[in-house]
Amino acid sequence: MEQYTEKLKEMARPLLAWYDENRRILPWREEVSPYRTWVSEIMLQQTRVAAVLPYFHRFMERCPTVEALAAADEQELLKLWEGLGYYSRARNLQKAARIITGEYGGQLPADQKALMALPGIGDYTAGAILSIAFGVPIPAVDGNVLRILSRFTGSDLDILDAKNRKIFRTWAAAALPAERPGAFNQALMDLGSAVCLPGPSPRCGDCPLAHLCAARQEGKQAMLPVRTPKREKRREEMTVFLLRRTDGAVALCRRPQRGLLAGLWEYPNIPGLLTEVSAARQLAAWGLAVQRWEKSWRAKHVFTHVRWDMQGYAVTVTGDGELAWYTAEQRRQMAIPSAFERATRVLEELEGE
DNA sequence: TTCCGGTATA
DNA sequence: TATACCGGAA
């Protein structure tokens, strides 16, 4: 980890020089105040600059000060936020504005703990406000910064893994210059949005840090950053049969004693999404004669690691097939997991008729 | 359709 | 530690 600190310290000079030439002209940069920085950073959470611009203008007209924000009507505030998404940001903004007027005399506190205690302000936003509006040398690590640091160091640490966040933060702190910390943090964001782009084609040719960048030197900039393979939920398709005989008995199967839903009961099912024709063929193969197709449905159920996509058929049949049949009395004692809730509900409807 | 992400919350 | 919250880009 420490092996990077020397390299990281070399970032600031070329990055700031690049920023002075290439920085985006943005309303919250042209006129800087803690309030404006705060509002802009909240709006920029999960949201691109282009989307924020018109909102920021309108917002500043309507709520030019912390006091105005604190006093605003919530409905009006939400209207101002309409279309920007994540509406709890607007509510938290106002909650925080009321705390700031009540407890801090209308001035944002220049203190990390105090800022982070305000609703809507987390680690990143606190860092952004402190460095940009107050000149405090504290990192502000967002997705851009994670990507840049990951490439710069050539690190294959997973940027989505919370365990690694501390390491990236340490790197960001090592790179942060004592002078112009706000400009530095904003430079990283601009670099991330214009040059060190996500995906396979960062513009290394335009990058002021290319000569220092480990990923660039190793030609692996397209492979970084590493992000968890999103723990892909595997998707399983199945056809579920709700089979009922005229005497009211229903077919159920016991799941294996190990694995998912171990030992619980389920309606007979087979892999794949079967059409009614294929399903009929399956029933015939089981030695069942269809008396009546009652109902069909689609359902899905999501487990931590699997997603079931189910096609259901409720059928009145005659015969036993190879299946085990249970009366309503017996079924009351049997555990049928909620993954089959839809089928169970259909059964209850049918039995209610 | 899927991907992406700061913060709050459970 | 995982997930909901949202809209827009890929």
Side-chain angles (χ1 to χ4, degrees), chain A residues 28 37-56 58-59 74 77-100 108 112-132 138-151 157-169 172 185-186 188-194 196-203 222-235 237 298 300-307 309:
Chain A
W28 48 87
T37 302
W38 171 43
V39 172
S40 67
E41 287 300 337
I42 299 294
M43 287 185 169
L44 287 164
Q45 288 170 4
Q46 323 288 28
T47 313
R48 347 183 84 71
V49 166
V52 165
L53 285 171
Y55 286 88
F56 185 79
R58 275 192 290 140
F59 197 94
E74 195 195 37
L77 207 57
L78 290 171
K79 188 68 186 170
L80 275 172
W81 209 270
E82 185 180 66
L84 202 53
Y86 290 100
Y87 299 93
S88 64
R89 290 185 296 173
R91 294 193 203 91
N92 284 152
L93 202 57
Q94 185 172 49
K95 275 188 213 158
R98 289 176 176 166
I99 295 170
I100 293 166
L108 269 88
Q112 192 182 25
K113 274 229 162 58
L115 283 174
M116 286 186 60
L118 295 170
I121 297 182
D123 187 66
Y124 162 78
T125 307
I129 295 171
L130 286 168
S131 62
I132 297 169
I138 287 186
V141 182
D142 70 349
N144 288 314
V145 176
L146 288 172
R147 183 171 63 254
I148 293 168
L149 289 173
S150 163
R151 285 177 174 155
L157 291 175
D158 182 349
I159 63 165
L160 292 186
D161 189 334
K163 290 197 291 289
N164 295 330
R165 290 300 169 85
K166 211 190 298 175
I167 296 171
F168 284 104
R169 201 167 198 289
N185 284 338
Q186 293 180 95
L188 284 174
M189 296 169 207
D190 281 17
L191 190 76
S193 74
C196 196
L197 301 170
S201 314
R203 299 186 185 153
M223 280 118 84
L224 294 175
V226 172
R227 355 167 28 98
T228 23
K230 211 103 60 271
R231 190 201 341 195
E232 188 81 13
K233 283 188 183 12
R234 75 175 185 278
R235 190 194 181 107
E237 300 182 329
R298 283 297 288 270
K300 64 181 171 147
H301 188 80
V302 181
F303 300 92
T304 43
H305 54 299
V306 204
R307 186 162 91 187
D309 212 343

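Labels below follow one simple rule: chain letters A, B, ... track the order of the sequence lines, proteins then strands, and each chain is numbered from 1. The figures here come from the full heavy-atom set of this structure, side chains too, leaving out hydrogens, waters and symmetry mates.
Enclosure of atom CE in A:Met116 by more than 12 non-hydrogen atoms of other residues, nucleotides or ligands within 6.0 angstrom is indicated. In A:Arg48, the CZ atom is not crowded: 12 or fewer heavy atoms of neighbouring residues, nucleotides or ligands sit closer than 6.0 Å.
Atom-to-atom distance recorded for A:Ile159:CD1 and A:Ile167:CD1 is 13.5 Å, nearest 0.5 angstrom. Here the CD1-OG1 distance, from A:Ile132 to A:Thr37, works out to 6.0 Å after rounding to the nearest 0.5 Å.
Atom pair A:Leu197:CG and B:dC4:C1' shows a separation of 15 Å (rounding to whole Å applied). As rounded to whole Å, 7 Å separates atom P of B:dT7 from atom CD1 of A:Ile42. Rounded to an integer number of Å, the gap from CD1 of A:Ile148 to C1' of B:dG5 is 16 Å. B:dG6 atom P lies 15 Å from atom CD1 of A:Ile129, rounded to whole Å. A:Trp81 has its CH2 atom 13 Å from the C1' atom of C:dC5, to the nearest Å. When the C1' atom of B:dT7 is taken as reference, atom CD1 of A:Ile121 falls 11 Å away, rounded to whole Å. Between A:Asp123 atom CG and B:dT9 atom P there is a gap of 17 Å when expressed in whole angstrom units. Remark: P of C:dC5 and CG of A:Leu78 are 16 Å apart, rounded to the nearest angstrom.
Picking from B:dA8, B:dG6, B:dG5 the nucleotide with the shortest atom distance to the side chain of A:Tyr124 gives B:dG6. Listed nucleotides: B:dG5, C:dC6, B:dT7. Nearest to the side chain of A:Leu160: B:dG5. Each of C:dA9, B:dG5, B:dT7 was ranked by its minimum atom distance to the side chain of A:Arg227; first place goes to B:dG5.
Using a 4.0 Å heavy-atom cutoff across all strands shown, A:Gln45 reaches sugar-phosphate atoms only and no base atom. Looking at heavy-atom distances under 4.0 Å, A:Gly83 makes contact with sugar-phosphate atoms alone, never a base. A:Leu118 comes within 4.0 angstrom of the backbone, heavy atoms only, and of no base. If you check every strand for non-hydrogen atoms under 4.0 Å, A:Pro119 touches sugar and phosphate atoms only.
Toward the 5′ end of DNA chain B lies the nearest nucleotide of A:Asn144, the other residue of the pair A:Lys95 and A:Asn144 mapping further downstream. Sequence order on DNA chain B of the closest nucleotides to A:Gly120 and A:Tyr86 puts A:Tyr86 first from the 5' end.
Cation-pi geometry between A:Arg165 and A:Phe168 is not met: the NZ or CZ atom fails to fall both under 6.0 Å from the ring centre and inside 45° of the normal.
A sub-4.0 Å separation between OP1 or OP2 of C:dC6 and a side-chain N or O of A:Arg89 is absent. The phosphate of B:dT7 has OP1 or OP2 within less than 4.0 Å of a side-chain N or O from A:Thr125.
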